[in-house]
Amino acid sequence: MKLAPLFDRVVLKQLVAEETTKSGIVLPGQAKEKPQQAEVIAVGPGGVVDGKDVTMQVKVGDKVIFSKYSGTEVEMDDEKFVIVKQNDILAVIE
Amino acid sequence: MKLAPLFDRVVLKQLVAEETTKSGIVLPGQAKEKPQQAEVIAVGPGGVVDGKDVTMQVKVGDKVIFSKYSGTEVEMDDEKFVIVKQNDILAVIE
Amino acid sequence: MKLAPLFDRVVLKQLVAEETTKSGIVLPGQAKEKPQQAEVIAVGPGGVVDGKDVTMQVKVGDKVIFSKYSGTEVEMDDEKFVIVKQNDILAVIE
Amino acid sequence: MKLAPLFDRVVLKQLVAEETTKSGIVLPGQAKEKPQQAEVIAVGPGGVVDGKDVTMQVKVGDKVIFSKYSGTEVEMDDEKFVIVKQNDILAVIE
Amino acid sequence: MKLAPLFDRVVLKQLVAEETTKSGIVLPGQAKEKPQQAEVIAVGPGGVVDGKDVTMQVKVGDKVIFSKYSGTEVEMDDEKFVIVKQNDILAVIE
Amino acid sequence: MKLAPLFDRVVLKQLVAEETTKSGIVLPGQAKEKPQQAEVIAVGPGGVVDGKDVTMQVKVGDKVIFSKYSGTEVEMDDEKFVIVKQNDILAVIE
Amino acid sequence: MKLAPLFDRVVLKQLVAEETTKSGIVLPGQAKEKPQQAEVIAVGPGGVVDGKDVTMQVKVGDKVIFSKYSGTEVEMDDEKFVIVKQNDILAVIE
């Protein structure tokens, strides 16, 4: 069983935020918009989305920062995923 | 009696969420936006929708995850359906 | 006396929902958006609506499901009608 | 003294709704959006409105159904008028 | 000292509404959107406004009906003016 | 130290409103949107802003009326400035 | 570990506002929209964003004034960053 996102959607798997380690990304709990660290699991085909041509910039395996509140959480085979639009991904962690 | 959706609309039949089996998709009850597993029953012709050309990406028989709150529920011949716009379908389950 | 809708508007006559028969479409009373079964009475000419070219997809006599809250009710010659934009028609019943 | 509407605006004079006659249009008092029967008094030139080309579809003397809440009421020479955008006119009564 | 409005803006000077004379425009006090009679004092150059080409339709000296709530009041040399976008002018009084 | 505004932004220095002199612009305190008299200190390069080509119409030294609430106040070298988009400038005072 | 912003996003590092020195930018605490002084750490590639071509105007090392509330705060390797869209950068400090 696999999720194939439509259009410019991306399936993410949230990484456990290492809130206390020095090299982890600490997500400030008081922030209104909670940024999240995640791994890209599946990427939609892009193409014409809402009349505009969208090219996918992220690929499977990328670690990314995304804006949590725009995504939809799904649970499959006891794993939790988040489906977001690519535009809700803020940055790739290199 | 059959529903023929207009434009980019899609008729879905919700699958019963197997909330406890390991391989089912469990829909977290506390989520603000309830994702849903459904089967595609009928697909609109696409074409120019709101001035933008829309190509239909899903087909009858596809199992999909959709965003429940954007759809409209109808009941016909004692069966319940949901009519959504294609854009409210997040991913196809393969 | 006849209503000639402008642009992409459609005049509908609501059918009495046969809520208890097996083959009727039962409209769930608890839904936030009440879908409705109706017959198309008059169809606007389409054309350029809000800068976008709209082709009319429904014709007089079609039985349709529409989204009630976007329409405007009028009463003429003791008959009630609803005027909706074509985009508020979800599906044709075949 | 005459009102010459700009762009796609239309000056209307509301007709007295014959609420009890059989052939009159009865405006349901409980509707959230009150439709209104009116006569077209003056029609703007149309043309490019908000970057989109608008052709005027109604003419002086037409009897129309319009959506009251989008208009602006003015009173001139002891007569009350309503200025609406053409798009707020739902249908012509033939 | 003179006000030269930018883009599609128009400087208006409100006329005193002759509320009781027969030929004056009476502005209904209870209306949610208060229409106003005014004289055009200065007209912006038009041109490309928000990516759309706007041609100015009113000229200095025109008497107009405008929608008060979209304008900004300024006072200069003890005279009060209102600066509106041309689109907030509903009709010219001829 | 100098502020170089991006795109269609303009740096303004508010002039002290001479509220009681005859020739000054008096800003009515009760107005919901407070217009302001200011001098243009720096002008952005214009160009493509939000997909639309913007030409700058004001120049350094112009005295302008602007709509205060859309700007952002900054203080630099003990002087206060306001950064607005050109579209929030209503008129040039000549 | 490095943040590579997508599209027109920019990674900023906030500078400590020298609120009392004469040459520092003092951020008025009572302002509804808090402007912020920051250094540009990483710049996205620009390109087609939401159907519109965006060219990046800022470069790594620029000191900028940005509008704080549109950004997302992240913390990485014990340093705090803010990810904003370029359009939320008001001016470059020269």
Side-chain angles (χ1 to χ4, degrees), chain B residues 1-14 16 29 31-36 38-56 58-60 62 64 66-89, chain C residues 7-10 12 14-40 43-44 46-59 61-71 84-94:
Chain B
M1 250 182 178
K2 234 183 67 179
L3 288 171
L6 287 184
F7 301 108
D8 61 340
R9 288 201 173 83
V10 177
V11 178
L12 300 176
K13 174 150 192 59
Q14 269 181 251
V16 178
K32 212 170 56 199
E33 180 178 352
K34 280 198 258 175
Q36 300 277 352
E39 190 181 332
V40 174
I41 300 299
V43 177
V48 178
V49 179
D50 214 19
K52 293 158 196 155
D53 202 50
V54 175
T55 314
M56 301 311 283
V58 295
K59 57 183 188 303
V60 172
D62 278 356
V64 299
F66 73 102
S67 169
K68 183 181 176 180
Y69 287 108
S70 23
T72 301
E73 294 181 15
V74 298
E75 203 175 315
M76 202 165 145
D77 298 349
D78 280 349
E79 278 190 291
K80 284 184 185 170
F81 299 100
V82 182
I83 303 178
V84 299
K85 289 176 148 267
Q86 188 187 46
N87 204 30
D88 296 321
I89 297 177
Chain C
F7 301 108
D8 61 340
R9 289 200 174 85
V10 176
L12 300 176
Q14 270 182 250
L15 301 178
V16 179
E18 301 163 64
E19 292 196 22
T20 52
T21 61
K22 201 180 169 184
S23 58
I25 285 179
V26 181
L27 310 168
Q30 79 285 3
K32 212 169 58 200
E33 181 179 350
K34 280 199 257 174
Q36 300 277 352
Q37 191 175 358
E39 190 180 333
V40 174
V43 178
V48 178
V49 178
D50 215 19
K52 292 157 196 157
D53 203 49
V54 175
T55 313
M56 302 311 283
Q57 308 287 344
V58 294
K59 57 183 191 302
D62 278 357
K63 293 207 171 140
V64 298
I65 302 284
F66 72 102
S67 169
K68 181 179 176 182
Y69 287 109
S70 24
V84 299
K85 288 177 148 268
Q86 188 186 47
N87 203 29
D88 296 321
I89 297 176
L90 306 174
V92 175
I93 304 167
E94 293 179 340

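Values reported hereafter were calculated over all heavy atoms of this structure, with side chains retained and with hydrogens, waters and symmetry mates removed. Letters A, B, ... mirror the listed sequences (proteins, then strands); counts begin at 1. All of these numbers come straight from a predicted model, not from anything done at the bench.
One finds the CZ atom of B/F81 at 11.0 Å from the CD1 atom of C/I65 (value rounded to the nearest 0.5 Å).
Proximity to chain B is limited to the side chain of C/V58, based on heavy atoms less than 4.5 angstrom apart. Contacts between C/D53 and chain B at a heavy-atom distance below 4.5 Å involve the backbone alone (N, CA, C, O).
The contact list for residues 4-13 of chain B toward chain C, using heavy atoms and a distance under 4.5 Å, reads B/A4, B/P5, B/L6, B/F7, B/R9 by residue number.
With a 6.0 Å radius and a threshold of 12 heavy atoms from other residues, nucleotides or ligands, B/K2 has its NZ atom at or below the threshold.
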